[in-house]
2 protein chains.
Amino acid sequence: MRIGELAEASSTTTKTLRFYEEAGLLPAPNRTASGYRDYDPDVVARLNFIRRSRTAGLSLAQIREVLDIRDSGSAPCQHVHELLEDRLAGLDRQIAELQALRATVAQLRDAATSVEPADCDPVLVCRYL
Amino acid sequence: MRIGELAEASSTTTKTLRFYEEAGLLPAPNRTASGYRDYDPDVVARLNFIRRSRTAGLSLAQIREVLDIRDSGSAPCQHVHELLEDRLAGLDRQIAELQALRATVAQLRDAATSVEPADCDPVLVCRYL
DNA sequence: CTGGACCTTCCAGTGCAGGGGAAGGTCAAG
DNA sequence: CTTGACCTTCCCCTGCACTGGAAGGTCCAG
């Protein structure tokens, strides 16, 4: 199939497909006599995997690791499990940070609710921040 | 004071100070006869404000809005209050998204805990993702 | 044979907040 | 008078995942 068809079948763009090839996520496809990329329909499944992984918040570099393991002939199960553990830990850290920040911002907002411009020193710009 | 002293006094770098000037966050300072920037010590307070605002997660563009209001002679209280409200709403949205993602990733990880490489179709790369 | 849809490569830009480093000027100490 | 620390402007680079566009080749219908 041609790149446009693959883009449609995988709900992405031709730009992204060429970019993924360049980034090592997709193998270089066969070419027609005139130089057009000619994809194996299996690539759709690979792109679906990439999309699911992106949805889970994995980076292209991490996805490439998994693909490389699979392409080397091994099952990437173990690595995928580790990646998911790491991602989970990262999410927990990120959520905790945002919640702490949320508490800080909520305090600032509360302080700024009773606005007293007269008390503000122009040099400090704003005493509520 | 020279740019190096100001950088030290405000715990930042000369690079950042020139960048802030370029970005319209700091007014262009006086120059010495030889062209060196010669800052008013008041700028330290302004930089502290910028740092506090950054800590609250405001973008340089948002901070510049506040500074522009202050520099135009008005008190930016009202605008700051709105910014903080918006920031809070944004944080709540972001936290909710991350928590939903966390739940998804946790499910994936649980599924991937009992690893059965034999069940994985290489074309799908990994049936747990 | 012409038009339009598709394809190719290559280069550059997006947003964010700076950082790196070159080439050259300035200032104070020794 | 030289050394070294500091300053100036200038332009490019970083990370991330693409996106836009130019210049040109290919394929098929009418």
Side-chain angles (χ1 to χ4, degrees), chain A residues 1-26 28-40 43 46-67 83 86-87 90-91 94 98 101, chain B residues 1-26 28-40 43 46-67 83 86-87 90-91 94 98 101:
Chain A
M1 61 201 311
R2 282 175 311 173
I3 196 168
E5 298 174 90
L6 178 59
E8 175 121 4
S10 57
S11 300
T12 178
T13 66
T14 60
K15 281 285 187 187
T16 298
L17 293 175
R18 292 194 197 93
F19 172 73
Y20 280 179
E21 180 181 334
E22 176 71 15
L25 294 161
L26 293 182
N30 293 326
R31 298 291 181 129
T32 66
S34 58
Y36 285 18
R37 287 175 178 78
D38 185 19
Y39 290 95
D40 185 307
V43 176
R46 192 178 178 98
L47 283 164
N48 283 336
F49 168 76
I50 294 174
R51 194 170 37 68
R52 293 194 306 277
S53 303
R54 291 285 303 134
T55 302
L58 298 184
S59 69
L60 294 189
Q62 291 175 316
I63 298 169
R64 187 175 45 218
E65 288 175 11
V66 176
L67 291 168
L83 270 181
D86 288 356
R87 181 79 187 108
L91 281 170
Q94 216 178 333
L98 286 180
L101 182 54
Chain B
M1 57 201 314
R2 283 176 312 173
I3 196 170
E5 297 174 272
L6 178 59
E8 175 120 5
S10 56
S11 300
T12 180
T13 66
T14 60
K15 280 288 189 187
T16 299
L17 293 175
R18 292 193 197 93
F19 172 73
Y20 282 180
E21 180 181 334
E22 177 71 15
L25 293 162
L26 292 183
N30 293 327
R31 298 290 182 130
T32 66
S34 59
Y36 286 17
R37 287 174 177 78
D38 185 18
Y39 289 97
D40 186 308
V43 175
R46 191 176 178 103
L47 283 165
N48 284 335
F49 168 77
I50 294 174
R51 192 169 39 67
R52 293 195 305 276
S53 302
R54 293 284 303 131
T55 302
L58 299 184
S59 68
L60 294 189
Q62 291 174 316
I63 297 170
R64 187 175 43 220
E65 288 176 9
V66 176
L67 290 169
L83 271 182
D86 288 356
R87 182 78 188 108
L91 280 170
Q94 215 177 333
L98 286 180
L101 182 55

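Proteins get letters first, then strands, A, B, ... in listed order; numbering begins at 1 in each.
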- Report the distance from atom CD1 of A:Ile63 to atom C1' of D:dC18, rounded to the nearest whole Å. 13 Å
- Item | Whole-Å distance separating the CG atom of A:Leu17 from the P atom of C:dC6 | 15 Å
- Whole Å only: how far is the CD atom of A:Glu22 from the C1' atom of C:dA12? 15 Å
- What is the distance from atom CZ of A:Arg51 to atom OG of A:Ser11, rounded to the nearest 0.5 Å? 6.5 Å
- Task: Considering just the side-chain nitrogens and oxygens of A:Ser34, establish if one lies under 4.0 Å of OP1 or OP2 belonging to D:dC27.
- Result: yes
- Query: Looking at A:Glu21 and A:Arg18, does any basic side-chain N land under 4.0 Å from a carboxylate oxygen?
  - Reply: no
- Task: State whether A:Thr16 places a side-chain N or O below 4.0 Å from either non-bridging phosphate oxygen (OP1 or OP2) of D:dT19.
- Result: yes
- Message: For the OH atom of A:Tyr39 and the CG atom of A:Leu47, what is their distance to the nearest 0.5 Å?
- Response: 8.5 Å
- Item | Whole-Å distance separating the CZ atom of A:Phe19 from the P atom of D:dG20 | 14 Å
- Message: Taking only side-chain N and O atoms of A:Arg37, does any of them lie within less than 4.0 angstrom of OP1 or OP2 on C:dT8?
- Response: yes
- Test item: side-chain donor near acceptor, A:Thr32 and A:Ser34, under 3.5 Å: yes
- Query: Should the heavy atoms of other residues, nucleotides or ligands under 6.0 Å from CD of B:Glu8 be counted, would the total exceed 12?
  - Reply: no
- Query: For B:Lys15 and B:Tyr36, take the nucleotide of DNA chain D holding the closest heavy atom to each; which residue's nucleotide lies nearer the 5' end?
  - Reply: B:Tyr36
- Item | Spacing of B:Arg18 atom CZ relative to D:dC7 atom P, expressed in whole Å | 7 Å
- Message: In this structure, how many angstroms lie between the P atom of D:dC6 and the OH atom of B:Tyr39, rounded?
- Response: 16 Å
- Message: Return whichever of B:Thr32 or A:Gly4 has its heavy-atom-nearest nucleotide of DNA chain C closer to the 5' end.
- Response: A:Gly4
- Query: Is there a side-chain polar atom (N or O) of A:Tyr20 under 4.0 Å from OP1 or OP2 of D:dA17?
  - Reply: no
- Could you give the CZ-to-C1' distance, from A:Arg2 to D:dG25, as a whole number of Å? 14 Å
- Looking only at side-chain N and O atoms, does A:Arg64 come under 4.0 Å of OP1 or OP2 in D:dA17? no
- Just to confirm, is there a sub-4.0 Å distance from OP1 or OP2 of C:dG19 to any side-chain nitrogen or oxygen of B:Thr13? yes
- Message: Quick check for you: among D:dT9, D:dA17, C:dA17, whose closest atom lies nearest to any side-chain atom of B:Arg31?
- Response: D:dT9
- Rounded to whole Å, the CD-P distance (B:Gln62 to C:dC16) equals 10 Å
